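Just so you know, ligand 1 is whichever comes first in the structure, and atom 1 is the first atom listed for that ligand. Since this is a predicted model, take the numbers as computed values, not measurements. Side chains included, hydrogens not; waters and symmetry mates left out as well; all remaining heavy atoms used.
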Amino acid sequence: MANVDLKNLTKKYGEVIAVQNMDLSIPHNEFLVLVGPSGCGKSTTLRMIAGLEEITSGEIYIGDQLVNEKDPKDRNVSMVFQNYALYPHMTVEENLGFSLKIAKVDKNEIETRVKEAVQILGLEELQKRKPSQLSGGQRQRVAMGRAIVRRPDAFLFDEPLSNLDAKLRTQMRTEIKKLHQKLKTTIIYVTHDQVEAMTLADRIIIMKDGYIEQIGSPIEVFNKPVNVFVATFIGSPPMNILTCDIISKDQKVKIKIDNEIYLDCPENFKDLFNNKSKVYLGIRAEDLKPVEKNTIDNNDWFFSKEIDLAEPLGTETQLFFHLNGKEIISRMYNPYPVSIGDKINFQIDTSKIHFFDIDTEKTLF
Ligand SMILES: Nc1ncnc2c1ncn2[C@@H]1O[C@H](COP(=O)(O)OP(=O)(O)O)[C@@H](O)[C@H]1O
Ligand SMILES: [Mg+2]
């Protein structure tokens with residue numbers, strides 16, 4: 001059981017910088033998720049921790065021990081991959097015990113640990129089967145079992161659910177979360193799927209181009225994204241981002257959303273807009289509510305627009321329309337039938353909006 005610390009960790013492949021100056025402290029028992037688009041350096045980070053990839057510079061500590069020079073097998077971490085890499089000619093229990101056998105662990109001890117993993121993962125019925133006789137989800141469970149028997153200080157998961165269909169992915173996600181509660185150990189989990197990241201993580205790291213963009217709890221990164229990238233990466237559908245003009249006249253500040261819509265700048269934002277003529281405005285689809293006119297509060301923004309498209313999803317209908325040439329999505333809960341061309345009233349709670357600097361794309365607080 002251990003904490004994992006990365007200090008100024010960098011990995012270059014020739015000219016390509018895969019991971020840049022990463023500093024990170026992962027406390028014991030944390031479920032940490034690295035998320036970001038393909039190629040942002042997630043797998044490289046994980047592989048460096050596992051010792052499968054040489055590091056260019058920096059330090060890696062596992063349980064306060066510097067492991068830079070240690071072989072993968074001496075780091076006491078277990079990695080679970082997307083392709084399960086089970087041995088096809090071995091049964092489930094042979095697959096589970098194999099790494100211990102190689103490590104010359106005592107036979108009784110192997111039996112005990114395999115039995116324990118089988119119990120934890122509910123593989124009792126499948127022990128004598130070969131991988132070809134298992135479903136995708138069952139194979140993934142065996143792959144996790146192989147990691148468990150080693151009783152590692154930390155588990156490293158690299159997109160373990162990517163090969164599964166959507167329904168199974170959701171099921172396995174729940175299983176992995178329960179597994180963490182049972183094992184009480186450090187997990188570093190890599191995914192490109194922000195929903196997976198949100199549902200599993202104690203803390204999320206959002207990466208881009210080898211850098212950490214933001215670290216925080218799922219709620220923090222959702223509610224307080226530090227820049228446009230995080231704001232649009234976390235949450236589905238992605239946050240609506242609009243380019244707006246700031247218009248100051250007669251002591252008043254207005255925000256021009258499009259040619260027809262000028263909204264009063266909320267008091268608490270006025271100071272942020274000093275010397276700015278343009279900003280990005282971010283509004284999540286669920287904060288852009290279709291309403292009846294008479295429910296409007298004074299602090300809310302309100303406007304009407306004709307919609308281009310309505311997509312009924314059952315519990316909600318997603319409404320699409322344009323503002324300033326940009327497609328915008330609104331989520332209508334408790335939906336009623338809407339037709340293309342209908343004029344809909346929209347209300348925005350101004351405590352839920354985000355502003356970003358037009359040049360740096362950083363959040364204006
Ligand atoms: N063996 C390698 N040789 C050269 N470049 C690599 C190698 N592995 C990864 N890269 C590059 O490093 C960057 C990060 O890759 P990776 O860590 O696999 O990203 P992710 O897992 O987030 O998709 C990418 O630009 C990728 O092309
Ligand atoms: Mg990867």
Protein residues that have a heavy atom under 4.0 Å from any atom of ligand 1, sorted by chain and number: Tyr13, Val16, Ala18, Pro37, Ser38, Gly39, Cys40, Gly41, Lys42, Ser43, Thr44

Polar protein atoms near the Mg ion (ligand 2) [N, O or S; cut-off under 2.8 Å]: Ser43 OG

Same apolar cluster: Val338 and Phe346, side chain cutoff 4.5 Å: yes

Distance-only side-chain donor-acceptor flag, Ser351 / Asp349, under 3.5 Å: yes

Distance under 6.0 Å and angle within 45° of ring axis: Lys270 vs Phe273: no

Within 45° cone and under 6.0 Å: Lys208 NZ/CZ vs Phe229 ring: yes

Residues that Tyr61 engages under ring pair (Phe, Tyr, Trp, His ring centres under 6.0 Å), provided they are two or more places apart: none

Qualifying residue, where the test is side chain to side chain donor-acceptor pair (under 3.5 Å) with Asp258 and the options are Lys326, Lys305, His322: Lys305

Side-chain hydrophobic cluster, 4.5 Å single linkage: members besides Ile241: Val228, Met239, Tyr280, Phe356, Ile358

Heavy-atom pair with the smallest gap, counting every atom of Phe321 and Leu288: CZ-CD2, 3.9 Å

Given Met48, Gln65, Lys70, the one that forms side-chain contact (heavy atoms from CB on, under 4.5 Å) with Ile60: Met48

